[in-house]
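Nothing fancy with the numbering, it's 1 onward along the sequence. If you're wondering where the values come from, they're calculated on a predicted model, not measured in any experiment.
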Amino acid sequence: MIFWEALGSALIGLAIAYGASHRLSRRLPATPLVLSTGPAAAFFGAMIAHTVLGSGHSAVVLMVALGFAAALLSLLVRPRAGRRRSVPA
């Protein structure tokens, strides 16, 4: 069962990374970095969730993997060009 969770989480991470790299291509770093970060983050999230929850919670494990991938990919997004924020003194 853990094999399918690992494979499913990697595919979820790859799908999210692929979608993010096409939708936000100008605001993300190099595509190979994005395409490797998504599956790695999803796999890591799935392994943590599987360790905490145990067997028999595959749907929850995959949802946690989705959340981990989205969260880590959001850290790679750069701010929009042209918008400068000034910090008041």
Counting distance only, does the side-chain N/O of R27 pair as donor-acceptor with the main-chain N or O of V77 below 3.5 Å?
-> no
For residues L73 and L28, report the shortest heavy-atom separation together with the two atoms involved.
-> O-CD2, 4.2 Å
When hydrophobic residues are tied together by side-chain contacts of less than 4.5 Å, even through go-betweens, does L24 share a cluster with L14?
->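 L24 and L14: separate clusters.
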Is it true that L11 and F3 fall in one hydrophobic cluster, defined by side-chain heavy atoms closer than 4.5 Å?
->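 Per the 4.5 Å side-chain linkage, L11 and F3 are co-clustered.
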N/O donor to acceptor pairs below 3.5 angstrom from side-chain atoms of residues 35-43, sequence neighbours left out:
| from | atom 1 | to | atom 2 | distance (Å) |
| --- | --- | --- | --- | --- |
| S36 | OG | P32 | O | 3.0 |
| S36 | OG | L33 | O | 3.1 |
| T37 | OG1 | L33 | O | 2.6 |

Which distance, rounded to the nearest 0.5 Å, do you find between the CD1 of I12 and the CG of L7?
-> 10.0 Å
Should the heavy atoms of other residues, nucleotides or ligands under 6.0 Å from CZ of R78 be counted, would the total exceed 12?
->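 Buried by this count: over 12 neighbours within 6.0 Å.
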Within-4.5 Å side-chain heavy-atom neighbours: P29 and V34 |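 Contact flag for P29/V34 side chains = yes.
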Should L62 and S9 be marked as a side-chain contact (heavy atoms from CB on, under 4.5 Å) after you check the CA-CA gap, both sets of side-chain angles, and the distance that decides it?
-> CA-CA 6 Å; L62 293 177; S9 67; 4.3 Å; yes
Table please: side-chain donor-acceptor pairs of residues 45-60 below 3.5 Å, with sequence neighbours left out.
| from | atom 1 | to | atom 2 | distance (Å) |
| --- | --- | --- | --- | --- |
| H50 | ND1 | E5 | OE1 | 2.8 |
| T51 | OG1 | M47 | O | 2.7 |
| H57 | ND1 | S55 | O | 3.3 |
| S58 | OG | E5 | OE2 | 3.0 |

